[in-house]
Number of protein chains: 2
Amino acid sequence: MFTGRYTHKLDAKGRLALPSKMREAGIGLQYSQFVVSKGIDGCIAVFPVDKFEKFIDEFDPSELEMEQGLNFYREFASWAHYLPVDNQGRINIPQTLLDIASIDSDVLILGVVDWIEIWNPDEYEKHLKDSKVNYNKGAKTFFSAAIRGKRKKYEIPPKRSDLEDS
Amino acid sequence: MFTGRYTHKLDAKGRLALPSKMREAGIGLQYSQFVVSKGIDGCIAVFPVDKFEKFIDEFDPSELEMEQGLNFYREFASWAHYLPVDNQGRINIPQTLLDIASIDSDVLILGVVDWIEIWNPDEYEKHLKDSKVNYNKGAKTFFSAAIRGKRKKYEIPPKRSDLEDS
DNA sequence: ATTAAATTCCCCACTTTTCCCCACTCATCC
DNA sequence: GGATGAGTGGGGAAAAGTGGGGAATTTAAT
């Protein structure tokens, strides 16, 4: 599971060091390489190889009948590149992908559970503003769902025999 | 279950000692690390690992298709960091999280049952004022519910075996 | 086919941060 | 009043992030 937020830099050779926590996140999987492709809202998405192939496998072909489905599939697959990780834990992202994400040097790396997102920090800020995301509102819904989960657990009543004397 | 209110300090290295009662609160769980993320109303939220992962697991993926859903998910997951607890019971909160909570040195720690909240004391005061929290009103609802709950105790409950897996 | 230019990738090195350990102070509890 | 445990402080080893040299491979051109 990928979490966390990091600010890293592309070096002069265009290499990007993935946060070590994210490299560790896939112990036992094929993490000697990652797959990058075009992400959502203008970022670059990074997947572990097994997750990427699972996503592809599970994509519903019937959606291809819709024009949107095919266009998406074509774009997503063709932007995807398998990238080896060097001994320092770095990947070399194709320049064309960096361009569509407006990335030059500073990079914001987001862990989003099943995948990783790579943003130009300014573009991400702009996206947050433009989309008028209301974090508090989402958090209240999310957290209160967690509380409901707890209530269920605690509703298990005491044994009948325990009530006799109370 | 987390309860209690404490005032602690960040040391020069940005480390925060969690109240020992809160560390003890999770005996038997994986409390060698906690997960911190962005909380509600400007605080930092701290979760035991198992609770955090339960929150994530229970998130409804269909919400990702809604713009707000994805934006919240992205924010919540990417602000989340797994933090090891050192031998003194301290965690090292990332500076970026401290920044969004306006925390420099003094810290207010609140136990909120399923999670812990970390506040800048002044910001919490301000939040209470701004949000015009009416404690008494909430308390009356809460207390009267507790009384009804106590009455329920005298009703014959369903068999435990019917409820275990719910 | 041979050479030159460019790219990839492996290794070494430096700087900063993280994390593990030891130590001190203060409050609480026998 | 000593002992225990909690909160705070700081040093040093280890790891992470960053930068750069140079061999090997590829691409293009002569």
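Scope of the values below: all heavy atoms of this structure, side chains included, with no hydrogens, waters or symmetry mates. Chain A is the first sequence line, chain B the second, and so forth, proteins listed ahead of strands; every chain is numbered from 1. Model, not experiment: these values are computed from the prediction.
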Open item on the list: If you apply the rule side-chain hydrogen bond (donor to acceptor under 3.5 Å, both in side chains), what do you find for B:His8 with B:Asp106, and how did you get there?
Closed with: CA-CA 6 Å; B:His8 283 191; B:Asp106 291 314; over 6 Å; no
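- Taking the six-membered ring where the residue is Trp, the centroids of B:Tyr73 and B:Phe59 are separated by under 6.0 Å.
- For A:Glu125 and A:Lys129, the salt-bridge test fails: no basic side-chain N is under 4.0 Å from an acidic carboxylate O.
- Aromatic rings of A:Tyr135 and B:Phe72 (six-membered ring for Trp) have centroids within the 6.0 Å cut-off, being under it.
- The pair B:Glu75-A:Arg5 meets the salt-bridge criterion, since a charged nitrogen lies less than 4.0 angstrom from a carboxylate oxygen.
- Minimum interatomic distance between B:Asp11 and B:Arg15 (heavy atoms only, all atoms of both residues): OD2-NE, 2.8 Å.
- Using a cut-off of 4.0 Å between Lys/Arg side-chain N and Asp/Glu carboxylate O, B:Lys126 and B:Asp41 are scored as not salt-bridged.
- For the pair A:Ile93 CD1 and C:dT8 C1', the computed distance is 16 Å after rounding to whole Å.
- If you check residues 100-122 of chain A against DNA chain C, you find no residue with a heavy atom closer than 4.0 Å.
- As a whole-Å value, the separation of B:Ile91 CD1 from C:dT18 C1' is 15 Å.
- Rounded to a whole Å, the CG atom of A:Leu83 is 17 Å from the C1' atom of C:dC10.
- A:Asn120 contributes a side-chain N or O that, together with a main-chain N or O of A:Ser102, makes up a donor-acceptor pair within less than 3.5 Å.
- Counting only Watson-Crick and G-U wobble pairs whose two key distances fall under 3.5 Å, DNA chain C forms stems of three or more stacked pairs at C:1-30 with D:1-30.
- A cation-pi geometry, defined here as NZ or CZ lying under 6.0 Å from the six-membered ring centre and within 45° of its normal, does not hold between A:Lys21 and B:Tyr82.
- A distance of 7.5 Å separates SG in A:Cys43 from CG in A:Leu110, rounded to the nearest 0.5 Å.
- Atoms CE (B:Met22) and C1' (D:dA6) sit 14 Å apart, rounded to a whole Å.
- A sub-4.0 Å separation between OP1 or OP2 of C:dC11 and a side-chain N or O of A:Asn87 is present.
- Taking the six-membered ring for Trp and the full ring otherwise, B:Trp115 and B:Phe52 have centroids separated by 6.0 Å or more.
- Atom pair B:Asp86:CG and D:dG12:C1' shows a separation of 15 Å (rounding to whole Å applied).
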- [ ] Take nucleotides 15-24 of chain D nucleotide by nucleotide from the 5' end and write B, S or -, depending on whether a protein heavy atom sits under 4.0 Å from the base, only from the sugar-phosphate, or from neither.
- [x] -SSBBBBB--
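- What separates CG of B:Asn92 from P of C:dT16 is a distance of 18 Å, to the nearest Å.
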